[in-house]
Number of protein chains: 2
Amino acid sequence: VIAVPAVYSVAWVGGTDGYVRLLDQTILPGEVCYRDCRTLDDMREAICMLRVRGAPAIGVAAAMALVLHTQQAVRCGDLSESTFQRAADWLTAARPTAVNLAWAVRRMTGVFSRWNASRAGDPVRVLLDEALAIREEDAQMCRAIGRHGAGLFADGQGILTHCNTGGLATAEYGTALAAIFTAAEQGKRLHVYADETRPLLQGARLTSWELQQAGIDVTVICDGMAAQVMKEGRVQGVIVGADRIAANGDTANKIGTYGVAVLARAHGIPFHVAAPSSTFDLNLPSGDGIPIEQRDPREITHGFGRQTVPEGVRVYNPAFDVTPADLIASIVTEKGLIRPVSETNVRATLGGPP
Amino acid sequence: VIAVPAVYSVAWVGGTDGYVRLLDQTILPGEVCYRDCRTLDDMREAICMLRVRGAPAIGVAAAMALVLHTQQAVRCGDLSESTFQRAADWLTAARPTAVNLAWAVRRMTGVFSRWNASRAGDPVRVLLDEALAIREEDAQMCRAIGRHGAGLFADGQGILTHCNTGGLATAEYGTALAAIFTAAEQGKRLHVYADETRPLLQGARLTSWELQQAGIDVTVICDGMAAQVMKEGRVQGVIVGADRIAANGDTANKIGTYGVAVLARAHGIPFHVAAPSSTFDLNLPSGDGIPIEQRDPREITHGFGRQTVPEGVRVYNPAFDVTPADLIASIVTEKGLIRPVSETNVRATLGGPP
């Protein structure tokens, strides 16, 4: 069991008979409420409903979900390759765009298969150790992303971000926000503009909350205000996270990101992406192959307890969009900066030493 | 008293002892509720709170507000140039960006001054006739804008719009939506994408409602989705309204419009503005001189009845932005199309026959 920070997205409580505790991000910042999940079903519901969210955090949650599955399989005497694979597939389908989910599930499936070949030792222990390793690696990757990304920003700059990419989106510390946190730790005074990020307002609810807690100057704007904030010269850089990055650098991220990238280009402002190497899907030559999750229309029509779109009116609710590599100034990974963004540089950086 | 349509933004009920009835647009589409206003104070509150909104509708409302003021001044024996001017100034300050408000107030002030010079006849009657004339002219202008603008769209096209520019924003029929309504009346099948338009969701609540009632195909999207909808080839044109247009064609409109214009340019999609000639402020050489109203932070932080931004976090809430003329393919007025948009063409079109 590793120590967990005061506020965390997802953690394992106890030993092999333990369970998952996660912060319910759907009700932040109004309530800081942790939920304990003891089954795969609980975890899948939490992932689907975005109680836990952010590509890296979803990867950690998925790994822990498969530990819970294994606990139950042991209890029921149903411990088999095919049962594990069914659980893994069902979990993977919960969020089709984020590659970290599939990545973590594959890693856990490999560990289970190796255990299953010998059946030596406690399978829950083996899988729990792997899940905790994924969590710890993610925390370390976020620190490294912070170190590599902090140099992108200068003292006194305004930085715009979209959605939430802080500690809540990862095991700890964050991806895009890690670069901002680290720059702040280095003494740079930054002013962050946080897009509220409709429909689910992760920027308004989560990013502003994390920055406020870290003592970093933050202003929330509606998504439609980003262009004006850029035009007024308030922003000198943009940094966002990623849910999946193709081999050429095309980046899927929260809906609205692509528009911000186009606006940044039009205003001559560099647009950066920050993500751990587990976010890359090198099997995809470009972003065209990234599946885009369509979500419940009620996220738009009934976002805050009040109906805001008339009954019977259609809505379109893609959860992600794809920003072409040529709009991205640099991609910050735990292995360093990819800059300029090209398939050659992607492969060179990811293939390099950790 | 003129006949009013089934649903209308603002109307005068009765004769010189009558009052204003306006549709409270802050609670649409949940409730269709009319409010009766009998004083200048009632009207100013309604304008400030956006119960009545849309530059042309605000102009009509302001004219009627000054009739209510005159009724009261007659009752109180306080009918003077200086009292009228104070009322006019107080009303004008309610929404600094929309020029139609100041325009209507100036027109009513001129009528009052002429009446005051002779003091012949009933001042309430004189001012009411002028207010009703403004309303009727606005309705006629909207029909003409519809006729001139309908040709911008071809059968089967997708059209994106921002905020609300329909009958609710005017005396009747609308400006940008008038072009869509007229094209639909001509048998063109259009599909409209309506930006929900944060913070106050006029697109989600009002535009979609008006289009639905007119039987026009409409899909609501979050503001951050406009770029993706353009990239997917779903949109072949954009049309929006305006709150003030400078002599060179620079256009102030609802916050978010400028970003849409930049995105349309990046995707090779023509971006049009529709507005009556009363929206032009030919004293302003460019958009740099247009004052931008800053609105209550609570519109962003408490927009949906639930607090969505943590206590103590700052927000930035400009109500409008300015789109430079060079991003605008054409401006549709009741006097015809201004195309390409330049000061010469603006002055030529506005100076032409009505």
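Letters A, B, ... are given to chains in the order of the sequence lines, protein chains preceding strands, and every chain is numbered from 1.
- Annotation: side chain of Ile255(B) is not in contact with side chain of Cys222(A) (no heavy-atom distance under 4.5 Å).
- For a residue to count as touching a neighbouring chain, one of its non-hydrogen atoms must lie under 4.5 Å from one of that chain's; by this rule Pro310(A) touches chain B with backbone and side chain alike.
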Full working for side-chain contact (heavy atoms from CB on, under 4.5 Å) between Met225(B) and Ile300(A): CA-CA 12 Å; Met225(B) 296 170 187; Ile300(A) 298 179; 3.9 Å; yes
So which N and O atoms of chain A and chain B form donor-acceptor pairs under 3.5 Å?
| from | atom 1 | to | atom 2 | distance (Å) |
| --- | --- | --- | --- | --- |
| Thr26(A) | O | Arg306(B) | NH2 | 3.4 |
| Glu196(A) | OE1 | Arg198(B) | NE | 3.4 |
| Glu196(A) | OE1 | Arg198(B) | NH2 | 2.6 |
| Glu196(A) | OE2 | Arg198(B) | NE | 2.6 |
| Glu196(A) | OE2 | Arg198(B) | NH2 | 3.3 |
| Arg198(A) | NE | Glu196(B) | OE1 | 3.4 |
| Arg198(A) | NE | Glu196(B) | OE2 | 2.6 |
| Arg198(A) | NH2 | Glu196(B) | OE1 | 2.6 |
| Arg198(A) | NH2 | Glu196(B) | OE2 | 3.4 |
| Gln212(A) | NE2 | Glu311(B) | O | 2.8 |
| Asp217(A) | OD1 | Arg314(B) | NH2 | 2.9 |
| Val220(A) | N | Arg314(B) | O | 2.9 |
| Val220(A) | O | Tyr316(B) | N | 3.2 |
| Gly224(A) | O | Gly256(B) | N | 3.4 |
| Lys231(A) | NZ | Val322(B) | O | 2.6 |
| Glu232(A) | OE1 | Tyr316(B) | OH | 2.6 |
| Glu232(A) | OE2 | Tyr316(B) | OH | 2.9 |
| Arg234(A) | NH2 | Tyr316(B) | OH | 3.3 |
| Gly256(A) | N | Gly224(B) | O | 3.4 |
| Tyr258(A) | OH | His267(B) | NE2 | 2.5 |
| His267(A) | NE2 | Tyr258(B) | OH | 2.5 |
| Glu311(A) | O | Gln212(B) | NE2 | 2.8 |
| Arg314(A) | O | Val220(B) | N | 2.9 |
| Arg314(A) | NH2 | Asp217(B) | OD1 | 2.9 |
| Tyr316(A) | N | Val220(B) | O | 3.2 |
| Tyr316(A) | OH | Glu232(B) | OE1 | 2.6 |
| Tyr316(A) | OH | Glu232(B) | OE2 | 2.9 |
| Tyr316(A) | OH | Arg234(B) | NH2 | 3.2 |
| Val322(A) | O | Lys231(B) | NZ | 2.6 |

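- With sequence neighbours left out, the side-chain contact (heavy atoms from CB on, under 4.5 Å) criterion links Cys33(B) to Ile27(B).
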Begin with the C-alpha distance, continue with both residues' side-chain angles, and end with the deciding distance and a verdict on side-chain contact (heavy atoms from CB on, under 4.5 Å) for Val218(A) and Val313(B). CA-CA 7 Å; Val218(A) 57; Val313(B) 167; 4.2 Å; yes
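- Contacts between Val229(A) and chain B at a heavy-atom distance below 4.5 Å involve the side chain alone, from C-beta outward.
- Among Gly224(B), Ala204(B), Gly259(B), the residue making the largest number of heavy-atom pairs under 4.5 Å with chain A is Ala204(B).
- The candidate from Val262(A), Ile221(A), Val260(A), Val322(A) with the greatest count of non-hydrogen atom pairs under 4.5 Å with chain B is Val322(A).
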